[in-house]
Amino acid sequence: MRRLVAITPLAGALAFPLVVPLVLRWVGLPAAVLTAVVVGTLWFVLMLRTAEMPSHD
C-alpha cells in the first residue's frame, strides 16, 4: 500500500500531460477536454483514497 501511496502523485503527474495531448491530436478537442476531466477526476479520487492522514493521538 505504501508504494501505491508513493507512486500515485507521480503517475498522475506523468499520465495527465501525456494522455491529454495525444487524445487532442488523434481525436479532437471535445474528446481531449472529456479525457482531461475524467483523468483529473480519477487521479483526484485515487489521491484521496490513498492519502495517509496523521493520527490524532
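- Partners of V27 by side chain to side chain contact (heavy atoms under 4.5 Å, CB included), not counting sequence neighbours, listed by chain and number: V23, A31.
- Here L18 pairs with nothing under the side chain to side chain contact (heavy atoms under 4.5 Å, CB included) rule; sequence neighbours left out.
- Here L29 contributes atom CG and L34 contributes atom CG; the two are 11.0 Å apart, rounded to the nearest 0.5 Å.
- In terms of heavy-atom proximity, P17 sits nearest to G12 at CD-O, 4.2 Å.
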Pair up each side-chain donor or acceptor in residues 39-46 with any protein partner under 3.5 Å, not counting sequence neighbours, and list the distances.
residue : atom : partner : partner atom : Å
T41     : OG1  : V37     : O            : 2.7
W43     : NE1  : T8      : O            : 3.3

